[in-house]
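This report concerns only the one structure given below.
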Amino acid sequence: MMKIIAHFAMALFCFLLFYFQTMSESVKMLTECNELSDNFTRTSSYRSNRDTLLSTLRDRSSLESYSNVTVGPSPNTVYGMFFCRGDISRTSCSNCVHAATLNVAETCNSHKGASIFYDECVVQYSNVSFFTLVEDAPAIRRYSPSRSLGSSDFFNQTLPGKIYELILRAASSSQVPYFAEDQEHVTQLEGSYDLEALVQCSPDLDTRNCTVCLRLAVEDFFECCSHAHLAHIIFPKCLVMYNISALQPSLGVING
Ligand SMILES: *[C@@H]1O[C@H](CO)[C@@H](O)[C@H](O)[C@H]1NC(C)=O
Ligand SMILES: *[C@@H]1O[C@H](CO)[C@@H](O)[C@H](O)[C@H]1NC(C)=O
Ligand SMILES: *[C@@H]1O[C@H](CO)[C@@H](O)[C@H](O)[C@H]1NC(C)=O
Ligand SMILES: *[C@@H]1O[C@H](CO)[C@@H](O)[C@H](O)[C@H]1NC(C)=O
Ligand SMILES: *[C@@H]1O[C@H](CO)[C@@H](O)[C@H](O)[C@H]1NC(C)=O
Ligand SMILES: *[C@@H]1O[C@H](CO)[C@@H](O)[C@H](O)[C@H]1NC(C)=O
C-alpha cells in the first residue's frame with residue numbers, strides 16, 4: 001500500500017514538475033535564417049562546426065547568462081553567441097538557450113548564419129565574426145496600441161526620461177553587466193500607473209556601442225510605437241522593454 005502511495009506521489013511530483021516547466025517555457029518570437037549566405041551540405045565541416053557550436057552554447061547556458069564561442073579553423077569557422085535577459089533565473093536562461101539552439105538547428109538547417117529571438121534570450125551564429133558590433137536587424141517590435149493617455153506628459157516626458165536614465169545606468173553598470181531595470185509608481189493628472197522598464201545590452205558590446213545600440217532601439221520605438229502601453233524592442237545586441245500596468249493592453253505585433 002505504501003508503495004502505491006509512493007508511486008502515486010512520485011507520479012504527481014513528476015507531473016507538477018513537467019507542468020511548471022511547461023508553464024515557464026519562454027516564447028519564440030522570430031527565427032531568421034540568413035538567406036544571403038550559401039547553403040552548406042549536410043556533411044560539410046561547416047555543419048559539424050555549427051552543431052558543435054550550438055551544443056557548446058547549450059552547455060555554457062547552465063553556467064553563464066552570456067557566452068561567445070568560435071569553432072573550427074578557416075574557412076569553416078563558425079562564430080556564435082547567446083545572451084539572456086538579466087532579470088531571469090539561470091534555469092530559465094538555460095531552458096531558453098536549449099529551446100533556441102535546437103529550434104535554430106532545425107529551422108535554419110543549411111544556412112551559414114542565423115538569429116533567433118525568444119522573449120528571454122537571443123542566439124546568433126554566422127561564418128563572419130560579429131562580436132562587438134552593433135546590429136539593428138533583424139529586430140522584434142512588440143507593442144500594445146495606446147488608449148486614453150494620448151494627451152499627457154507621460155509619453156513625451158516621464159517615459160523618455162525614465163528610459164534614458166536606464167540607458168545611462170545600463171551602459172555604466174558593472175555588477176550585472178549592461179542591465180538596468182526600474183519599477184515606479186507614476187502619478188499624473190489623468191491617474192496613476194505602475195511603470196516597469198528594463199534595458200540591456202549584450203556583454204560583447206563596449207560601453208559606447210551599448211549606448212549606440214540602446215539609442216537605436218529607443219529611436220526605433222518612438223517611430224513605430226510611441227504612446228504604447230507595453231513595448232518590447234529586441235535588437236540582436238540590446239533590448240528595451242517597458243509596460244504600464246493597470247491598463248488592459250491589446251497586443252499588436254510587427255516583426256522585421
Ligand atoms: C561567409 O559565407 C559567405 C557565403 O557563403 C561567403 O561569401 C563569405 O566569403 C564567407 N566569409 C568568410 C569569412 O568565410
Ligand atoms: C538555400 O536553400 C534554400 C532552401 O533549400 C533555398 O531556398 C535557397 O535558395 C538556397 N540558397 C542558395 C544560395 O543556394
Ligand atoms: C561598434 O560597432 C560598430 C558598428 O557595428 C563597429 O564598426 C565598431 O567596430 C564597434 N566598436 C568596437 C569597439 O568594437
Ligand atoms: C507633451 O505633450 C503635451 C500634449 O501633447 C503637451 O501639452 C506638452 O507641452 C508636451 N510636453 C513636452 C515637454 O513636450
Ligand atoms: C568571448 O568570451 C571570452 C571568454 O570565453 C571572453 O574572454 C571574451 O572577452 C569574449 N569576447 C567578447 C567580444 O565578448
Ligand atoms: C510587465 O508586466 C509583467 C506582468 O504583467 C511582468 O512580468 C514583466 O516583467 C513586466 N515588465 C516588462 C519590462 O515587460
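Quick caveat: nothing in here was measured; it's all calculated off a predicted structure. The chain is numbered in sequence order, starting from 1. When a ligand or atom number is given, it counts from 1 through the structure's own listing order.
- Cys96 has its SG atom at least 2.5 Å from the SG atom of Cys84.
- Checked against a 3.5 angstrom limit, the closest N/O atoms of Asp206 and ligand 3 fall outside it.
- Atom 5 (O) of ligand 5 has as its closest protein heavy atom Arg60 NH1, 4.1 Å.
- Met81 and Val128 fall into different hydrophobic clusters, where Ile, Leu, Val, Met, Phe, Trp and Tyr are joined by side-chain heavy atoms under 4.5 Å apart, directly or via other members.
- The shortest N/O to N/O separation between Tyr66 and ligand 5 falls below 3.5 Å.
- Backbone and side-chain nitrogen or oxygen atoms of Leu133 are examined, and none is located within less than 3.5 angstrom of a nitrogen or oxygen of ligand 3.
- In the vicinity of Asn127, heavy-atom distances shorter than 4.0 Å reach the ligand 1 atoms 1 (C), 2 (O), 3 (C), 8 (C), 10 (C), 11 (N), 12 (C), 13 (C), 14 (O).
- Near Asn68, the atoms of ligand 5 lying under 4.0 angstrom from a non-hydrogen atom of the residue are 1 (C), 2 (O), 3 (C), 8 (C), 10 (C), 11 (N), 12 (C), 14 (O).
- Not less than 2.5 angstrom separates the SG atom of Cys121 from that of Cys93.
- Leu30 pairs in a side chain to side chain contact (heavy atoms under 4.5 Å, CB included) with only one of the listed residues (Ile140, Ile116, Val122, Ile234), which is Ile140.
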### Task
Check the pair Cys201, Cys210 against disulfide (SG to SG under 2.5 Å), reporting the backbone distance first and the verdict last.
CA-CA 6 Å; Cys201 288; Cys210 173; 2.1 Å; yes
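- Between Thr132 and ligand 5, no pair of N/O atoms sits closer than 3.5 Å.
- Which parts of ligand 1 touch Lys112 is read off a 4.0 Å heavy-atom cut-off, strictly below it: atoms 2 (O), 5 (O).
- Near Asp204, meaning under 4.0 Å from one of its heavy atoms, ligand 5 places the atoms 13 (C), 14 (O).
- Tyr164 is connected to Ile233 through a chain of hydrophobic side-chain contacts under 4.5 Å among Ile, Leu, Val, Met, Phe, Trp and Tyr, so both are in one cluster.
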